[in-house]
Protein chains: 2
Amino acid sequence: MRLGNIDIPRDTCQLVGNILGRVGDKWSVLIIVLLRERPMRYSELERQIETVSKKMLTRTLRNLERDGFVSRTVTPSIPPRVDYQLNDLGREVMVPLDELARWALSNKDRVVEARLRYDATQDEKE
Amino acid sequence: MRLGNIDIPRDTCQLVGNILGRVGDKWSVLIIVLLRERPMRYSELERQIETVSKKMLTRTLRNLERDGFVSRTVTPSIPPRVDYQLNDLGREVMVPLDELARWALSNKDRVVEARLRYDATQDEKE
DNA sequence: CAGGATCCGCCGGGATACTG
DNA sequence: CAGTATCCCGGCGGATCCTG
């Protein structure tokens, strides 16, 4: 496997794919983007995203925490309070992530057009 | 929704998420990376990737074609021959994609360490 | 408030067999 | 060779209910 000029061993390739996979899952990127603005409580993330279930919000946050992108701070009051914040790794991954998002943003029309063209050719055949 | 300094309307956000999602699915990025080296036939992609099923290879290629990242050229010989190549859109998306991959590559150890630390704290509690 | 537990539908994705 | 068709399983992810 090669990426540009770099040779990549199989196991490394898998791990990288694993990290890239995190970009693909439904909520991770969104959460990272939100947390870049400022730290947030669990309930605030829930309100901001608004379409996420507690189950997936919790699971996604746990994964981000495990991978070292996010820190979780518990304040054992009643009612309890849990704050999430980006740590260094999380802020750094935002750099390439941001560029990809910007690319998608400025090229989305080309993708939409390509889809229209493709779908048109498919209609002809039916 | 905001990304850096840019405001993003809801529907656009969904579309961008959709494009980013393509990064997440199991084979798309790998195929794009392979095709950047040179155009390849269906069977060659199959051999290079080696763990992909025909079903997923075909489906992924169709999606990439529909979105305008890849071109499909059929030579109606017997046996038939189909070549795939990156077109402009595909080559351009490689730029931000490459940076993300490089980030993952050079930071994978930090992620691995974070996971070890996290898993260690979890073990204590059981 | 911040989750954990449970049930369940949907579909990504592999295995296998078949075709022009 | 380059697919299509079919079957099947695991897991994502939502909905609902419960708890310290």
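If you're wondering where the values come from, they're calculated on a predicted model, not measured in any experiment. Reminder, nothing fancy here: chain letters follow the sequence lines and each chain counts from 1.
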How close or far is atom P of C/dC1 from atom CG of A/Asp83, stated in whole angstroms? 14 Å
Per the salt bridge (charged side-chain N to carboxylate O under 4.0 Å, His left out) rule, what does the pair list look like for residues 104-114 of chain A, sequence neighbours excluded? A/Arg110-B/Glu92
Just how far, in rounded Å, is P of D/dA2 from CG of B/Leu57? 10 Å
Between A/Tyr42 (side chain only) and A/Lys54 (backbone N and O only), is there a donor and an acceptor less than 3.5 Å apart? yes
Do the side-chain N or O atoms of A/Arg41 get closer than 4.0 angstrom to the phosphate oxygens (OP1, OP2) of C/dC1? no
Under 4.0 Å, heavy atom to any atom of DNA chain C: which of residues 61-72 of chain A qualify? A/Arg62, A/Arg72
Backbone N or O of A/Leu86 within a donor-acceptor pair of the A/Arg91 side chain at under 3.5 Å? yes
Counting primed atoms plus P, OP1 and OP2 as sugar-phosphate and everything else as base, spell out the protein contacts along nucleotides 7-18 of chain D at 4.0 Å heavy-atom distance: B, S or - for each nucleotide, 5' to 3'. B----SBBB---
Roughly how many Å is it from CG in B/Leu45 to P in D/dA2, rounded to a whole number? 10 Å
Check this for me: B/Leu116, atom CG, are more than 12 non-hydrogen atoms of other residues, nucleotides or ligands nearer than 6.0 Å? yes
Taking salt bridge (Lys or Arg N to Asp or Glu O under 4.0 Å) as the definition, give me every residue that meets it alongside A/Arg59, ordered by chain and number, with sequence neighbours left out. none
If you define the side chain from C-beta out and look only at heavy atoms, does anything of A/Leu57 sit under 4.5 Å from A/Ile31? yes
Taking all non-hydrogen atoms of both residues into account, name the closest pair between B/Val82 and B/Arg72 and its distance. CG1-CG, 3.8 Å
What pair of heavy atoms forms the shortest contact from A/Val23 to A/Val29, and how long is it? O-CG2, 3.5 Å
side-chain hydrogen bond (donor to acceptor under 3.5 Å, both in side chains) pairs, two or more places apart, involving residues 26-35 of chain B: B/Asp25-B/Ser28
Passes side-chain contact (heavy atoms from CB on, under 4.5 Å), A/Glu37 versus A/Gln48? Steps please. CA-CA 12 Å; A/Glu37 302 284 322; A/Gln48 293 276 349; over 6 Å; no
Between P on C/dG20 and OH on B/Tyr42, what's the gap in Å once rounded to a whole number? 17 Å
Are B/Arg38 and B/Glu44 packed together at the side-chain level, in the sense that at least one heavy-atom pair is separated by less than 4.5 angstrom? yes
Could you check how far CD1 of B/Ile49 sits from P of D/dA2, rounded to whole Å? 14 Å
Is there a side-chain polar atom (N or O) of A/Thr58 under 4.0 Å from OP1 or OP2 of C/dG3? no
Between the two ends of the helix from C/dC1-D/dG20 to C/dG20-D/dC1, what is the bend in degrees, rounded to 10 degrees, where each end axis spans five pairs? 50°
